[in-house]
Protein chains: 2
Amino acid sequence: MAKSQDPGAGLTAFHGARHAHTRCVGRALTRAEALCRRRGARLTYMRRRVLELIWDSHKAVKAYDLLDRLSESEKSVRPPTVYRALEFLMAHGLVHRVDSLNAFVGCSGSDEQHNAQFLICQECGEVSEMDGAAIGKAVARQAAEAGFNLRRQTVELHGECPACATR
Amino acid sequence: MAKSQDPGAGLTAFHGARHAHTRCVGRALTRAEALCRRRGARLTYMRRRVLELIWDSHKAVKAYDLLDRLSESEKSVRPPTVYRALEFLMAHGLVHRVDSLNAFVGCSGSDEQHNAQFLICQECGEVSEMDGAAIGKAVARQAAEAGFNLRRQTVELHGECPACATR
DNA sequence: ATCGGATTGTTATAATATAACATTCTTACG
DNA sequence: CGTAAGAATGTTATATTATAACAATCCGAT
Ligand SMILES: [Zn+2]
Ligand SMILES: [Zn+2]
Ligand SMILES: [Zn+2]
Ligand SMILES: [Zn+2]
């Protein structure tokens, strides 16, 4: 499945400047609500607020930037509040941590738990999540060959997105 | 080449407790010296010292642990000193940063510049560097398909090393 | 209504990393 | 040699990222 070529539905699409981003946000929030309802988890005001802020763009966001932006609307928010929200969102697969950036990005995948890979544009900062089956398999095979019991993978690819590459 | 099965020469070998680690250290230092000589770079006392400490084990080492250990022998060493040494060693491909651990590990590769992948044991902390051509190719292909101009890859696989897995 | 667990608030601090400028060391050259 | 320029290190301060510990509050179930 998902072998379609139509732009917008691609697995590894970058979004660039002008696109109907409201839809991206809407989709993410809808998914979060559904997923939390199904699991009996509480998508509280603060958690939803953090998720919205993360989805403000397709870039990875730093925890302390979230903190600043939250403090604009709510009254002074402290680090633990943000980190707890992030912890919750990550535990439920709604947000990923990008280790090589110390930053967080909304999960644009669909299935519940997945090992995501990321394409990270060094120019514009946009992050695109892939579910690269090919990479996943190559990784799994190499690990197996080394007698390694694979649990979790961090695959973060840095370079230039299509838009920035052709500039 | 390098299709041999003899332990110690494998591309993805974990080392475990008892092995002739002096040789690992010796090899690393010899390589560092040769490489620096070739490039006209200066492997100063501090840089060599940091490299030795990193090679004290096959685990990834935290910058502040290096700091502490340096401060035992030399008189109080400060963060910039360590980070500068690390910066130099990384610039010359003698040390890698493991982003998912905020830690540093000696490069056990042989060729000059390479995109390494790491197997990281969650139990014993040992890190094994791979030059997984298969992974590298899968990654390159996926990036190309997305129109992405790949510059650098972070591939860090967490799990259990052979020794810890069979325990 | 109220109890218990989950969530958030609050204060403090740990852990990781860099900026900026002073000092010392090395090397090349006169 | 002596010395000047650049490289490396020392030093002080601070930025950035993250967590510990305990108090207050919220919220749903009885
Ligand atoms: Zn969007
Ligand atoms: Zn870009
Ligand atoms: Zn060894
Ligand atoms: Zn192990």
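Chain naming here is simple, since letters A, B, ... match the order of the sequence lines and numbering starts at 1 in each. Quick caveat: nothing in here was measured; it's all calculated off a predicted structure.
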Using the closest heavy atom to pick a nucleotide of DNA chain D for each, name whichever of Lys75(B) or Asn102(B) lands nearer the 5' end. Lys75(B)
Applying salt bridge (charged side-chain N to carboxylate O under 4.0 Å, His left out), run through Arg49(B) and Glu52(B) and close with a yes or a no. CA-CA 5 Å; Arg49(B) 199 80 192 71; Glu52(B) 283 170 2; 3.5 Å; yes
According to a cutoff of under 5.5 Å between the ring centres and under 30° between the ring planes, does Tyr83(A) stack with the base of dT19(D)? no
So, does Thr44(A) get its side chain near the phosphate of dA6(C), meaning an N or O under 4.0 Å from OP1 or OP2? no
Measure OH/Tyr45(B) against C1'/dG10(D) and give the value in whole Å, please. 15 Å
Report the distance from atom CG of Leu66(A) to atom P of dT16(D), rounded to the nearest whole Å. 15 Å
Decide yes or no, distance alone: a donor-acceptor N/O pair under 3.5 angstrom between the base of dG9(C) and the side-chain of Arg84(A). yes
Tell me the interatomic distance from Asp68(B), atom CG, to dT16(C), atom C1', rounded to whole angstroms. 13 Å
The nucleotide from dA19(C), dT9(D), dA7(D) with an atom nearest the side chain of Pro80(B) is dA19(C)
Would Tyr64(B) pass as stacked on dT16(C), i.e. its ring centre under 5.5 Å from the base's six-membered ring centre and planes under 30° apart? yes
Distance alone, cut at 3.5 Å: any donor-acceptor contact between the side chains of His58(A) and Ser128(A)? no
Does dA15(C) have its OP1 or OP2 closer than 4.0 Å to a side-chain nitrogen or oxygen of Lys62(B)? no
Test Gln117(B) against Gln142(A) for side chain to side chain donor-acceptor pair (under 3.5 Å), laying out the working first. CA-CA 10 Å; Gln117(B) 297 116 23; Gln142(A) 283 263 329; over 6 Å; no
Using the side-chain heavy atoms of Arg78(B), tell me which of these nucleotides is nearest: dT17(D), dT12(D), dT9(D). dT12(D)
How about Phe118(A) and His96(A): are their ring centres within less than 6.0 Å of each other? yes
To the nearest Å, how far apart are Met46(A) CE and dC26(D) P? 13 Å
Please evaluate residues Glu156(B) and Arg152(A) with respect to the criterion salt bridge (charged side-chain N to carboxylate O under 4.0 Å, His left out), reporting the C-alpha separation (whole Å), side-chain torsions for both, the decisive distance (0.1 Å), and the verdict. CA-CA 9 Å; Glu156(B) 301 173 5; Arg152(A) 180 171 74 80; over 6 Å; no
Rounded to whole angstrom units, what separation is found between the CZ atom of Arg42(B) and the P atom of dC25(C)? 12 Å
Report yes if a side-chain nitrogen or oxygen of Thr81(A) is closer than 4.0 Å to either non-bridging phosphate oxygen (OP1 or OP2) of dG9(C); otherwise report no. yes
Any side-chain N or O of Arg47(A) under 4.0 Å from OP1/OP2 of dT7(C)? yes
Grab the CG-C1' distance between Leu101(B) and dT16(C) for me, whole Å please. 14 Å
When rounded to whole Å, the CD to P distance for the pair Glu87(A) and dA20(D) reads 9 Å
Atom-to-atom span, NE2 of His92(A) to C1' of dT7(C) - whole angstrom: 13 Å
